[in-house]
Structures are given as C-alpha cells and as structure tokens.
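Okay, structure first, notes after.
Atoms within a ligand are numbered from 1 in the order they appear, just like the ligands themselves.
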Amino acid sequence: MSDKKKTASKGFSGKMGYVLAVAGSAVGLGNIWRFPYLAAKYGGGIFLLTYLILAVTFGFTLIMTETALGRRTGKSPIGAYRALGAKKMMFGGWINAIIPMLIVPYYCVIGGWVCKYFFSFLGANASQLQEDTYFTNFVSKPIEPLFWLLFFAIAVFVIIARGVEKRIEQISKILMPLLVLMAFAIAIYSVTREGALEGVKYYLIPNFKQFSIKTVVAAMGQMFYSLSIGMGILYTYGSYMKKDIDMESSIRQVELVDSIIAILAGLMIIPAVFAFAGGNPETLQAGPSLMFITMPKVFLSMPMGRIVGMVFFLLVFSAALTSAISLMESGVSTITEQTNWSRKKSTVIMLGIIIILGIPSSLGFGVLSFLRPLGGSILDFFDFITNSIMMPIAASCTVILVMKVCGFKVVIDEVKSSSKFRRKGIYLFIAKYLVLLFLAVILISSILTALGITKI
Ligand code: PHE
C-alpha cells in the first residue's frame, strides 16, 4: 500500500476524532497515577504551578512542532526525519521511536497493579486493601505481580493483534467523560474529609521555599510523559490528521483535557493523604505506590465504597489501556516499517520486549529489590532514563531538525494552513531561544543524578 493510501485509510474523520484519539493516548496512568505522586513528592503547589507553566509554554511548542512535522510529511518520526532530508540526524528519529518501546514494559507493570486492585475490590477481602502493608506485600511477591503484568500486556497484545483498537477507542470515548465525572466526585469527597484542608493548601498554594531544580526536572519529565511528547507518537498522530483540521485549537483542547484530569487526580489523592495519614511526610514521598496506598482508604471509608473502588479502577484501567495501545502500536509500526516484517511478527516481538523488560521492573520491588540503579527501583530507573534523559534529547533533536534542516517556515506554514496561529509569537520565541537552553539544563541535572551527585 502506498504511504498516501495508508495515511488516508487511517486518517481521523474530523477534529473531534483527532482530539479524542490524542486525548485517549495522552490521558492515562501519567495523569492519575504519576502526576499526584510527583506533586506530593515535590512540594505540592509549587510543582503544580511549575507543571502548568511548562505545559502551556514548552509543552505547547513541542506538541505543535511534532504534530506539524507529522502532518507535513505524512510519516512517523523516522520517516519524517528522512522525508525532511535530515540524513545526518537520523539518530533523532530513532530515539523518538525507541522511547515508547522502553516505556510500555513498565507501563504494563502498573497497568497490572490496576487490574489487581480492580479484582481485589470485587473480592470478599476488599477491606484488607486499606492496610498500609497491603501494597508492599503484594508488589514484593515473586509471582503474583508478574501474573498481572502478563494479564495487562496480553490484553493490549490481543487488541492490537486482532486490529480492534478502533472499537476500544469508541468505548473509551464513553468512559473518558465518566472518568472525569468520577474523579470530580471523588475529589469533592476527599477535600471535604476532616483534616483534608491542609492537603488542599499543600496542593494548591505554591510554597516557593520548596522550589529547586528538581521541581523543574520532575515537572518537565511529567510534561513529556503526560502529553506523550518526545516519543514519536505525536508525529504519527499528526500524519493521520487531515489538512483542514484546526491544529492549534485541537492541541489546546487536548492539553486542557489532559491537565484537568491530572489536576483532579491530585485533588483526589493529596488531600486524602492529609485526611487519612495526617499528611505523613513518608506517605507524601511514597512515589509510585501513592495511589495504591491512598485510594483504597478513601473508598473504604465511603458508603458503597467497594463498588466505587471497583468502578474507579475499571476506569483507570480503560485509560491505561488506550495509552498502552498507542505506545505498543508505535513500537509495532516502527518494527514493521524498519524491517518489513509482517505486523503479526512485529506485534509478537513487541510483546516479547514488554515481557523481557517488564519482568525486572516488576521484580524490582521484591526479589530484585537489592538492585537500586541510580538509587531507585528498577521501574523508577526506566521511568527516569526515558522521561528525564531520553525525552529531552528527543525533543532537542526535533527543535534542531527544524532550526537546521527544514526551517521554522515549514512548521508555521503547516499550522497556518488550518489555523490562525494566534500564539505564533510566543511559539517562535520559545522555540528559537529557550527550548535548547532549557533542555540543556534538564539534561545536566539528570546527568548529575545519573552520576549519583543527586538522587532520583
Ligand atoms: N501520556 C500517557 C499517560 O499519561 C502515557 C503515554 C506516553 C502514552 C506516550 C502514549 C505515548 O499515561
């Protein structure tokens, strides 16, 4: 099939289709699981503020660039670099393409935890979920978390192998608004618990004393992760976007939905840490386990809490599933394009990668917990090298590609072909002068962490 035909057959039907598909990829564990634990860890309000500023400036600039290059060339990152004549910069295309393959394995580990919690809320012993040691006991077991990793990974595999992503997307279009509503209701419940007000203040009022380069590094990594930037995904989605769809306003809508869900997730979880654990600093620093430790306490304190907990984890599962599908899909299309292997073979290989890299991430909380690469768990390690090191490099490559190879005119013309491009001035300012500088700062600080001078 020619590239043109491929693009046309996969093209989104309209603006709504595009926004929903990209939001389906963007909204996932990053918003509900990752954002709240980072906000809790890095000072609450100051993290939230830093994140929002970054998302509307750097995030906006990078999403626009990746999407415009994707739509202009009609290709995924490696093909886009080639089409733009960036022979010497093919590394940039490759790094964009490899990142999703490194993320999806540990993404499936967390997806597996979500499945475990869903089934546990269904089961008779649901009340145990609120015990502080429940989560640690579960993740430190050798076999059970691996079973759930496989469960989640195989669900994603089956959907992709059978080519039924579209149907799943349609279901998620119904479930996403439900997730927003539910997050909203749970957030109201959380913030009205006794003692929660302290948490609301911690989360919403920036305390500038807590600001450091680490806040920026964490918020920047989160911006990449949550908005699916710097991993080739937006090129690919851009290549499916019809020429007459208003790019600027579609992207604004995706950013808005993504940020609203993240903010609500923080409001659900952080005040609850104060209401149920007295704002215990250790709990605030819990990291990847925060959602799993805190949310069961919230649910089991409310009437019909077991059902609410079950529905909540089901909705999180569906958000995680659509994101994992887009991550795995990106890996599969890279393998197919670069090797000419059949889609089936590439999908099986991608499942193999997920299992091989997912197993150590999962066992890192139990039998492999003596391994502490860069001072964190194995899962933290994969999370850190992809979000804080590789994505800034991938994004820098995109900006260098535009600056040195194709010129800003290509991006601007592409955006202007369908939008007024109101934020062109700020776009150019950020793209030209700040992005590289900023990414360099992040990179330097990440390298300091990698060398053990500061911790993850
Ligand atoms: N943005 C997704 C999330 O927040 C993760 C993801 C990244 C999905 C990259 C697809 C591509 O969970």
Side-chain angles (χ1 to χ4, degrees), residues 19-39 51 54-55 59 62-63 66-67 70 76-77 95-114 152-153 156 159-160 165 168-169 172 175-176 179-180 183 218-238 240 251 254-266 288 291 315-334 350 354 379 382-388 390-392 394-395 398:
V19 171
L20 283 170
V22 181
S25 161
V27 175
L29 294 170
N31 309 58
I32 306 159
W33 157 76
R34 201 173 185 275
F35 182 86
Y37 88 65
L38 289 176
Y51 176 79
L54 289 177
L62 291 167
I63 302 186
E66 293 189 5
T67 311
S76 309
I95 189 167
N96 267 285
I98 285 172
I99 293 170
M101 299 187 193
L102 293 179
I103 293 189
V104 69
Y106 83 79
Y107 205 87
C108 289
V109 173
I110 325 281
W113 296 350
V114 171
F152 189 84
V156 181
I159 291 167
I160 293 188
E165 301 92 309
I168 303 294
E169 264 170 32
S172 101
L175 294 184
M176 198 146 36
L179 178 68
V180 179
M220 182 89 176
Q222 175 62 15
M223 177 196 86
F224 283 114
Y225 189 94
S226 187
L227 292 168
S228 310
I229 300 172
M231 29 191 145
I233 300 255
L234 297 166
Y235 282 89
T236 311
Y237 279 100
Y240 303 155
I251 287 173
V254 171
E255 275 205 287
L256 196 69
V257 174
D258 195 72
S259 305
I260 289 177
I261 298 188
I263 294 172
L264 282 176
M291 174 175 98
L315 293 175
V316 176
F317 168 75
S318 74
L321 195 65
T322 49
S323 297
I325 291 170
S326 77
L327 282 164
M328 185 162 172
E329 179 73 53
S330 148
V332 170
S333 54
T334 303
M350 209 38 236
I354 294 182
L379 190 148
F382 277 111
D383 188 74
F384 176 79
I385 52 163
T386 45
N387 292 285
S388 299
M390 294 176 77
M391 288 179 205
T398 295

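Considering only heavy atoms from C-beta on, M223 comes within 4.5 Å of L62 through its side chain. The side-chain heavy atoms of L54 and Q222, taken from C-beta on, include no pair separated by under 4.5 Å. Proximity of S323 to Y107: side-chain heavy atoms (C-beta onward) are separated by under 4.5 Å at one or more points.
Side-chain contact check for Y237 and S228: no donor-acceptor pair (N or O, by modelled atom type) lies under 3.5 Å.
Nearest to atom 12 (O) of ligand 1 by heavy-atom distance, out of Y107, Y225, W33, is Y107.
For atom 8 (C) of ligand 1, the closest heavy atom belonging to the protein is S25 O, 3.3 Å. Here the heavy atom of the protein found nearest to atom 4 (O) of ligand 1 is A26 O, 2.8 Å. Nearest protein heavy-atom contact of atom 9 (C) of ligand 1 is M231 SD, 3.0 Å. For atom 6 (C) of ligand 1, the nearest protein heavy atom (residue, atom name, distance) is S228 OG, 3.8 Å.
In the vicinity of L29, heavy-atom distances shorter than 4.0 Å reach the ligand 1 atoms 12 (O). Per-residue contacts place S226 under 4.0 angstrom from the following atoms of ligand 1 (heavy atoms of the residue considered): 1 (N), 4 (O). Residue contact check: N31 has heavy atoms under 4.0 Å from atoms 4 (O) of ligand 1.
In terms of polar-atom proximity, defined here as any N/O pair under 3.5 Å, I233 makes no such contact with ligand 1. Considering backbone and side-chain atoms alike, L327 places every N or O at 3.5 Å or more from each N or O of ligand 1.
Here CD1 of I261 is found 5.0 Å from CG of L179. Values are rounded to the nearest 0.5 Å.
Separation of the F152 and F317 ring centroids falls under the 6.0 Å cut-off.
In this pair, Y106 and W33 present their aromatic rings tilted. The plane angle is within the 30 to 60° band.
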